[in-house]
Amino acid sequence: MYKNQKTNEETFPNKDFKFPCFVIESTLIPKTNELEMHWHHDLEIIQVLSGKVAYLINGFPYDVEAGDLVIINPKQVHTARVLTDGLQYNKVLILSYNLLSNPWIESIQEKYFEPLIQQKLVFSNHIPKNTHLELSVLINDIIQIIEQKSAYYELNIISKFYEVITYLLSNELYYTNLAYKHKNELDSGSITRLIIEFIHENHMSMLTLDSISKHTNVSKFYLCRLFKKTTGTSIANYLIHYRFSVAKRLLSDTKKSISTISYEVGFNNASYFASKFKSLYGITPKAFRAQITP
């Protein structure tokens with residue numbers, strides 16, 4: 001998978017846009033590290049195969065374990081942290097609502113699918129194990145169909161996708177999206193994505209709450225409260241960690257000097273940059289580069 005460094009939208013370079021559904025195997029690293037905050041346009045259904053994980057989805061925490069299902073609705077900002085020792089494994093099913101579009105069944109489209117596509121309705125994010133076994137079977141069926149790719153597998157997937165939607169709706173595993181507004185207004189998720197995009201575009205500059213507030217046209221107080229609620233961290237903390245994540249990439253992938261890298265990620269003082277790097281990671285930038293350079 002790939003994350004747009006500007007927006008942190010998760011994208012998939014091998015995605016088949018003619019038939020947008022696929023399965024990936026995901027490995028999360030042990031506690032002390034987190035899955036970087038991101039979002040995506042498609043529906044993501046995660047089979048938790050091992051371990052325990054703390055998900056934060058649009059500001060709501062969920063502790064999940066092996067056997068659970070996690071549903072990430074389109075455009076929901078989310079991150080995850082492994083709670084157990086050792087690697088944690090998932091199978092991730094990616095499904096696009098475009099699969100449900102059909103000009104010959106407009107009434108069904110309008111009644112059931114448009115509220116999902118427009119995000120008036122969103123599905124419950126956490127399905128604990130042993131609570132909806134039929135749904136788990138359906139998800140597993142889709143994963144196997146995609147992995148095997150037998151004849152007519154596309155038709156099979158669409159049929160199963162309809163069953164998944166029907167099951168989720170008929171069992172009331174959804175809720176009304178209170179953040180849904182008119183098309184020209186921004187919901188909390190949209191504002192959070194705007195903030196992230198602005199930080200990624202301008203992390204090398206002297207960013208302030210005033211500049212972010214002006215860019216999003218939202219008050220500083222509301223910005224801070226909303227971002228913390230949605231992401232679980234403050235704007236300032238996200239900015240500093242993003243700057244250092246960029247710095248680590250530059251230390252790993254380039255031969256640029258440490259002073260040049262410190263300047264490129266928004267620090268005018270290389271000594272302060274090195275000191276802050278060590279306080280975060282317990283190692284100096286020079287030692288970090290030596291570790292990852294053969």
Side-chain angles (χ1 to χ4, degrees), residues 1-12 15 20-24 26 28 34-48 53-64 68-82 90-100 113-128 135 139 161 164-165 168-169 172-183 185-200 216 218 222-223 225-233 235 238 242:
M1 72 188 73
Y2 167 78
K3 289 187 185 67
N4 184 321
Q5 295 305 319
K6 175 182 174 185
T7 64
N8 250 27
E9 176 192 354
E10 185 178 58
T11 56
F12 303 90
K15 178 177 179 178
C21 72
F22 54 98
V23 173
I24 59 174
S26 168
L28 295 181
E34 294 188 5
L35 177 69
E36 189 175 345
M37 191 186 320
H38 66 282
W39 58 279
H40 36 72
H41 279 289
D42 297 324
L43 181 69
E44 182 177 291
I45 302 177
I46 302 166
Q47 275 189 335
V48 181
V53 186
Y55 276 89
L56 187 70
I57 305 171
N58 262 23
F60 290 93
Y62 304 94
D63 288 347
V64 307
D68 291 359
L69 295 176
V70 178
I71 300 177
I72 311 292
N73 295 280
K75 297 186 179 180
Q76 287 189 323
V77 178
H78 57 283
T79 183
R81 177 170 53 88
V82 180
N90 303 308
K91 279 198 175 180
V92 183
L93 172 62
I94 310 295
L95 292 164
S96 171
Y97 282 135
N98 290 335
L99 289 172
L100 304 175
F113 301 145
E114 284 303 319
L116 296 172
I117 293 168
Q118 295 172 6
Q119 291 187 276
K120 291 180 180 179
L121 294 180
V122 291
F123 292 125
S124 302
N125 295 118
H126 182 205
I127 313 295
L135 178 61
I139 298 304
F161 195 9
V164 168
I165 299 294
L168 289 166
L169 291 176
E172 298 185 351
L173 293 172
Y174 65 88
Y175 55 95
T176 302
N177 184 7
L178 298 179
Y180 177 81
K181 297 182 179 181
H182 297 295
K183 290 183 179 179
E185 297 180 12
L186 292 174
D187 63 23
S188 60
S190 298
I191 295 171
T192 300
R193 292 192 296 273
L194 270 179
I195 296 170
I196 290 173
E197 179 177 346
F198 191 67
I199 287 173
H200 288 201
T216 57
V218 176
Y222 183 66
L223 270 183
R225 188 178 65 175
L226 181 148
F227 193 86
K228 181 67 180 287
K229 179 181 178 183
T230 305
T231 67
T233 191
I235 292 175
Y238 180 81
Y242 179 72

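The structure presented is a predicted model; accordingly, all values stated were derived computationally and were not measured.
The closest side-chain donor-acceptor pair between Asn58 and His78, if any, does not fall under 3.5 angstrom. For the residue pair Gln47 and Asp68, no side-chain donor N or O sits within less than 3.5 Å of a side-chain acceptor on the partner.
Between Thr233 and Phe227 the shortest heavy-atom distance is O-CD2, 3.4 Å. Between Leu168 and Tyr174, the shortest heavy-atom distance links the atoms O-CD2, 3.9 Å. For the pair Pro61 and Leu56, the tightest heavy-atom approach, listed with the atom from each and the gap, is N-CD1, 3.9 Å. Between Gln119 and Pro74, the shortest heavy-atom distance links the atoms NE2-O, 2.5 Å. Closest heavy-atom contact between Asp42 and Leu95: CB-O, 3.5 Å. Residues Leu116 and Ile165 approach most closely at CD1-CG2, 4.0 Å, considering heavy atoms.
Side-chain contact check for Ile72 versus Ile57: some heavy-atom pair is nearer than 4.5 Å. Under the 4.5 Å side-chain criterion, counting only non-hydrogen atoms from C-beta, Leu226 is in contact with Ile191. Counting heavy atoms from C-beta outward, Leu69 and Ile46 have side chains that stay 4.5 Å or more apart.
One finds the CG atom of Asn125 at 7.5 Å from the CD1 atom of Ile71 (value rounded to the nearest 0.5 Å). Here Glu44 contributes atom CD and Trp39 contributes atom CH2; the two are 13.0 Å apart, rounded to the nearest 0.5 Å. One distance of note links CD1 of Ile24 with CD1 of Ile94; it measures 5.0 Å at 0.5 Å rounding. The OH atom of Tyr97 sits 8.0 Å away from the CD1 atom of Ile117 when rounded to the nearest 0.5 Å. Taking CE from Met37 and CD1 from Ile196, the interatomic distance works out to 5.5 Å, rounded to the nearest 0.5 Å. Interatomic distance, Leu223 CG to Thr216 OG1, rounded to the nearest 0.5 Å: 4.0 Å.
Ring orientation note: the planes of Tyr242 and Tyr238 are close to parallel, at an angle under 30° on the 30°/60° scale. The aromatic rings of His126 and Tyr62 sit perpendicular, their planes meeting at an angle over 60°, well past the 30° parallel limit.
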message = Could you walk me through whether Thr231 and Thr79 satisfy the side chain to side chain contact (heavy atoms under 4.5 Å, CB included) test, starting with their C-alpha distance in whole Å, then the side-chain angles of each, then the deciding distance to 0.1 Å, before giving a yes or no?
response = CA-CA 8 Å; Thr231 67; Thr79 183; over 6 Å; no
query = Checking side chain to side chain contact (heavy atoms under 4.5 Å, CB included) for the pair Ile45/Val70: CA distance, chi angles, key distance, verdict?
reply = CA-CA 6 Å; Ile45 302 177; Val70 178; over 6 Å; no
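The closest donor-acceptor contact from the side chain of Gln118 to the backbone of Pro115 lies at 3.5 Å or more, if one exists at all.
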